> 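Pasting a structure below so you can have a look.
Everything numeric in this text was worked out from a predicted model, so none of it was measured. We count residues from 1, following the sequence as given. In listed order, ligands and their atoms are each counted from 1.
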Amino acid sequence: MRRIALIGVLLSAPYAVAAQNGVTNAVSSITAEDFIRRVGVIAHDSMLGRDTPSAGLSMTAQYIANEFRRMGLSPGAPNGSFIQEYPLIRERVDIVASSVAIEGGRTLRFGQDVSLLSGGPTDRRGVSGATVVVTGRPGNPQAVADLDVSGAVVLIVASGSNQWSRRDLFPLLRQGPAAVITVNDGSDAEWRSVVDGMNRVSLRTAWRERSANAPSLAVRAQAVERALASQGFDLRSALQSDSSPLSSQRLAGLTLTINVEYETVEETTAPNVVAVLEGSDPTLRDEYIAFSGHMDHVGVRTPVNGDSIFNGADDDASGTIAVVEAAEAFATLNPRPRRSLMFVLVSGEEKGLWGSEYFAEHPPVSIDQIVANLNADMVGRNWKDTIAVIGKEHSDLGETLNRVNERHPELGMTVIDDIWPGQRFYFRSDHYNFARKGVPILFFFNGTHEDYHRPSDHVEKIDGEKAARIVKLLFYLGLDIANADQRPRWYPESYRQIVTGTR
Ligand SMILES: [Zn+2]
């Protein structure tokens, strides 16, 4: 008995030492030099700011997929490769098929008489309603909200100092009008720029319906002058009255039908990269910890100080490479973590969290097999020894992180909670698409800075030494979650608020 027990001790001690050596070796692969080198690759000018979709983004995805393959990770996309392409549509307003019809009168033509500003499209029958003419300056939002415009086509007649801003329209749109049309009495040149805005090609995700918001349009004054006169409304004198108070008038005899249609210019795609490291525990390996970051940035824009390439070294080459560096460390680990790990680099984040939304809707495993998401977006700048981790208060991942960080004083990292609750960062990066599907998350974020969304977000400004310590913290945290007996748990109130509730 005793002897066997002794053998047990003798056997398990070297095993524990070996495991510890494995971890130490794995962590030592995470270096500032590696981090900076890889950020330098994807934030290089030749990637042209990694807009979604673009050649630079596809090259970035290919580079990361090649790195994952070289590390010996398995392809993780649902189609069995490293890359999950998601569908996008380029489209524009179909100015021939779209129209505004005045009952008993003429039909206004898009481009010439009317122009779409936002919202739409409508179904084939279009939207129609009696006209409510609103005159005067919008003044305070409550006065606008008090106008009775539900179901109506609202015609806003206001020029000069009475003019409405987009913001002034919000309380009006909340009343549920069929459409809002602003009368434009500007020059031909002004009108052309309005029409140019409408004719611009826009990009959207193919799986989501266009917003069903009421269409907002502009109409040239001369196109509706006669129809309004027939209802006893003098458009010219209304346009000339300056600084007049807000008022509305229902023209029951004037019904407008608005039909907005889009035409597809091109069907295209953009990439997510997904890799897997299978866990060592026969049961727990069906559960996954997903690490994420976004590869995309905002591309090439108007130059600032002669530089038009928005390199996005911090946003989010830093988070992307944090995931790649963590993956590399995990790939060398022996024995492997008990749970499986998934490395998910998405795109379209800057357009509205597109890639992560598609991933969460089309995950390679059932979404409830993903037990945690650790997202990194902007982890290469600002404080030397501090990282904000958003979402700590919503699940026991927060306590796990505190415990793991305390166990590693050599990292010299201080973990702080969300210090910008007013900015609602919890809802502004890719982890949110995991959270709303029920996956507990933590979001690593160093805050914004003067180079945020500017061409000057350059690799030279990245603190690789600090970033490497954040990656190590991510590694230790991921390892702890992967080896724990229990999967992470939401706090009930947070679950109600974020997953089942309405925001
Ligand atoms: Zn970002």
> When you measure from the Zn ion (ligand 1) to each N, O or S atom of Asp315, which atom gives the shortest distance?
OD1
> May I ask you to test the Phe68-Val274 pair for a side-chain heavy-atom distance under 4.5 Å?
no
> Evaluate the ring planes of Phe427 and Tyr432, with Trp represented by its six-membered ring, and classify them as parallel (under 30°), tilted (30 to 60°) or perpendicular (over 60°).
perpendicular
> Counting backbone and side-chain atoms alike, is an N, O or S atom of His294 positioned under 2.8 Å from the Zn ion (ligand 1)?
yes
> Is any N, O or S atom of Asp316 under 2.8 Å away from the Zn ion (ligand 1)?
no
> Decide, yes or no, whether a salt bridge links Glu67 with Arg70 under the criterion of side-chain N to carboxylate O below 4.0 Å.
yes
> Mind checking the CD-CG spacing from Glu85 to Asn79? Nearest 0.5 Å is all I need.
9.0 Å
